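Structure record follows, encoded as structure tokens.
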2 protein chains.
Amino acid sequence: MSFDGQLPPKTRLLRAAAELLANSAGGAVSTRQITQRAGVTAPTLYHHFGDKEGLFDAVVAAGFEEYVAGERDFAPSGQPLEDIRRMWDNHVQFGLNQPELYLVMFGNIRPESRPAVVADAEGLMEEMLNKAAVAGQLNVPPREAARSILAANVGVTLMLITEKAPERNLELSTMTRDAMIFAVSSEQAKENGPEASGKSSVVVAAIALNAALQASHSDQLSSSELKLFLEWLHRISTSSTS
Amino acid sequence: MSFDGQLPPKTRLLRAAAELLANSAGGAVSTRQITQRAGVTAPTLYHHFGDKEGLFDAVVAAGFEEYVAGERDFAPSGQPLEDIRRMWDNHVQFGLNQPELYLVMFGNIRPESRPAVVADAEGLMEEMLNKAAVAGQLNVPPREAARSILAANVGVTLMLITEKAPERNLELSTMTRDAMIFAVSSEQAKENGPEASGKSSVVVAAIALNAALQASHSDQLSSSELKLFLEWLHRISTSSTS
DNA sequence: TAGCACCTATAGCAACGCTATATGAAGTGC
DNA sequence: GCACTTCATATAGCGTTGCTATAGGTGCTA
């Protein structure tokens with residue numbers, strides 16, 4: 001149909017799959033649709049991508065580049081937590097702009113099998129949270145914070161996708177976003193518990209130091225010392241109460 | 001196989017589908033599997049349930065009864081926000097106990113088509129949040145709070161399901177849960193200064209941790225460990241590198 | 001007994017993901 | 001220039017999927 005041009009079949013398959021995925025209104029996309037649109041036959045698909053999932057993975061990888069590009073463009077504002085907010089909003093916007101692609105990336109859940117793209121997104125957020133941790137702005141270890149925020153981010157995006165476009169209320173996103181960021185940040189005023197603030201200064205400092213040490217591979221400690229040091233820091237920063 | 005008994009075919013189909021769904025390790029469940037296990041042929045299924053999705057909806061309805069029963073059993077503790085916590089935990093536990101059924105209920109996302117079960121779960125949570133609102137414990141309208149909490153709840157549960165069982169860290173759930181509940185509750189102290197954020201460096205963090213550790217005699221480390229730990233902190237905090 | 005819903009089985013369709021096999025094109029060594 | 005390998009694509013078809021057109025059996029009411 002559209003890709004009779006001189007592009008190599010592999011590229012045509014990728015484009016055809018991406019376009020069909022973007023335009024398929026919720027319905028599944030078949031390999032026959034893809035190959036027909038790409039102007040090739042079935043074995044070509046399996047020669048280049050192994051199977052259908054392989055093709056989709058490749059499409060997702062391209063989509064993920066776009067996603068990451070959106071994340072990185074806004075990156076350095078100097079205020080890591082503000083950057084996390086923008087990462088969150090960018091995540092939601094990506095999901096709403098390309099719901100089908102997003103569902104392939106984040107919605108294709110199967111038990112005990114984690115898509116690589118989720119781990120990548122998690123790493124991206126953890127990276128940013130590390131900066132916040134170094135600045136002493138984090139209440140919990142960056143990895144746990146990233147997992148928690150990303151889980152909420154995906155949940156909100158999926159819920160927004162299921163809503164019809166005109167009814168979408170993005171306040172759901174901003175509210176949940178700020179709730180999560182506030183929860184992991186150390187700037188909260190903890191007036192509930194009297195002993196809570198005393199403990200939190202230890203934890204915040206330990207988390208900050210831990211992040212800082214891992215970021216700038218320090219040479220003040222020998223490697224064996226560093227290893228033990230980090231183990232202790234982990235024990236402190238993951239302890240629930242003192 | 002197992003349902004040659006005298007139960008009506010409709011019931012046998014429901015049970016067969018439920019059992020196959022519960023035991024299928026992530027893979028899809030075919031109508032032929034279901035009908036064979038139920039001891040009937042294909043048209044029987046379509047006579048009673050219309051199509052495959054109709055059968056699954058019926059299974060989900062039964063599963064949802066179980067889910068709701070779990071939610072309601074714990075309901076009246078007098079503290080609505082505490083009940084919300086239990087609803088959250090019950091939701092997560094339900095998802096981890098019956099991941100396949102949960103995925104059919106909450107993971108089968110398609111754009112602009114919201115499963116009825118999601119609306120029901122939302123209503124259930126909103127109902128409970130209404131009590132909190134009446135008691136003046138809510139910061140936002142119950143409906144928005146319910147949507148926000150449920151979105152995060154689903155996101156966390158989906159993320160936990162994708163993890164292999166032995167590695168599951170339920171702290172992700174409790175942390176996100178408390179963050180969301182705290183965010184919608186009116187008990188938060190909203191007075192936190194815009195700055196008060198320190199500098200970012202290993203040295204500052206080490207100094208902060210050092211002071212904090214000495215202030216609150218931590219018992220996470222033995223005294224000999226603490227001595228060495230403090231010595232290292234001193235080495236770090238007196239060095240000039242960033 | 002006749003008629004009438006209701007329920008189930010036989011048999012098979014179109015579409016699915018995927019592949020065994022064969023054919024063409026492009027390079028490589030002699 | 002020619003055999004040889006390698007890569008890339010096509011022909012044809014396998015087994016399975018969700019689903020159905022048609023017909024037959026069953027039990028109830030008249």
Side-chain angles (χ1 to χ4, degrees), chain A residues 1-21 23-60 100-101 103-104 107-110 113 115, chain B residues 1-60 100-101 103-105 107-110 113 115:
Chain A
M1 287 271 187
S2 315
F3 293 111
D4 313 341
Q6 46 278 72
L7 292 83
K10 188 170 180 177
T11 308
R12 285 186 295 180
L13 278 168
L14 275 174
R15 291 203 188 178
E19 295 191 7
L20 285 173
L21 218 44
N23 300 346
S24 79
V29 178
S30 72
T31 59
R32 281 176 171 81
Q33 282 179 283
I34 297 171
T35 54
Q36 179 183 343
R37 186 180 181 102
V40 297
T41 50
T44 305
L45 190 162
Y46 296 93
H47 173 71
H48 287 290
F49 299 100
D51 60 356
K52 185 184 184 181
E53 197 174 328
L55 209 192
F56 280 26
D57 283 349
V59 174
V60 161
E100 315 290 343
L101 185 54
L103 288 180
V104 172
N108 202 11
I109 310 284
R110 285 174 312 177
S113 96
Chain B
M1 287 270 186
S2 316
F3 294 112
D4 311 342
Q6 46 278 69
L7 292 82
K10 188 169 180 177
T11 308
R12 284 185 295 178
L13 278 169
L14 275 173
R15 292 205 186 175
E19 295 192 7
L20 285 174
L21 218 44
N23 300 347
S24 79
V29 178
S30 73
T31 59
R32 281 178 170 79
Q33 282 179 283
I34 297 172
T35 54
Q36 180 182 345
R37 187 179 180 101
V40 296
T41 50
T44 305
L45 191 162
Y46 295 92
H47 173 71
H48 288 290
F49 300 100
D51 60 354
K52 185 183 183 180
E53 197 174 327
L55 208 192
F56 280 25
D57 283 349
V59 173
V60 160
E100 316 290 343
L101 185 54
L103 288 180
V104 172
M105 292 170 67
N108 201 12
I109 310 284
R110 284 175 312 177
S113 97

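Bear in mind the structure is a predicted one, so any value in this text is a computation, not a measurement. Residue numbers begin at 1 in each chain, while the letters A, B, ... track the order of the sequences.
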Q | Atom pair distance, as rounded to whole Å: CZ in R32(A) and C1' in dT17(D) | A | 12 Å
Q) When the distance from CD of E53(A) to P of dC16(C) is rounded to whole Å, what number comes out? A) 18 Å
Q: Ignoring backbone atoms, test whether S30(A) places a side-chain nitrogen or oxygen under 4.0 Å from the OP1 or OP2 oxygen of dA15(C).
A: no
Q. How far apart are the closest heavy atoms of L55(B) and A17(B), and which atoms are they?
A. CD2-CB, 3.7 Å
Q: Measure from the side-chain heavy atoms of H48(B) and tell me the nearest of dT19(C), dT9(D), dC7(C).
A: dC7(C)
Q) Can you check the L13(B) CG to dC19(D) P distance for me, whole Å? A) 14 Å
Q.
Let's see if you can work this out: which of dA9(C), dT19(C), dC19(D) has an atom nearest to the side-chain heavy atoms of P43(A)?
A. dT19(C)
Q.
When you measure from the side-chain N and O atoms of H47(A) to the phosphate of dT9(D), is any distance below 4.0 Å, counting only OP1 and OP2?
A. no
Q. Is it true that a side-chain atom of K52(A) and a backbone atom of V29(A) form a donor plus acceptor pair closer than 3.5 Å?
A. yes
**Q.** Of the listed nucleotides dT19(C), dC19(D), dT20(D), the one nearest the side chain of A42(A)
**A.** dT19(C)
Q. D51(A) has an atom CG; how far is it from atom C1' of dT16(D), in whole Å?
A. 17 Å
Q. Is the distance from OP1 or OP2 of dC18(C) to the nearest side-chain N or O of T31(A) less than 4.0 Å?
A. no
Q: Tell me whether the OP1 or OP2 atom of dC19(D) has a side-chain N or O from Y46(B) closer than 4.0 Å.
A: yes
Q. Do the side-chain N or O atoms of T41(B) get closer than 4.0 angstrom to the phosphate oxygens (OP1, OP2) of dT10(C)?
A. no
Q: Could you state the atom-to-atom distance from CD1 of I34(A) to C1' of dC18(C) in whole Å?
A: 13 Å
Q.
In whole Å, I'd like the distance from the CG atom of L45(A) to the C1' atom of dA10(D).
A. 14 Å
**Q.** Minimum heavy-atom distance between T35(B) and A42(B), given as atom pair plus value
**A.** CG2-CA, 4.1 Å
(Q) Testing the basics here: between V60(B) and M105(B), what is the closest heavy-atom pair and its distance to 0.1 Å? (A) CG1-CG, 3.4 Å
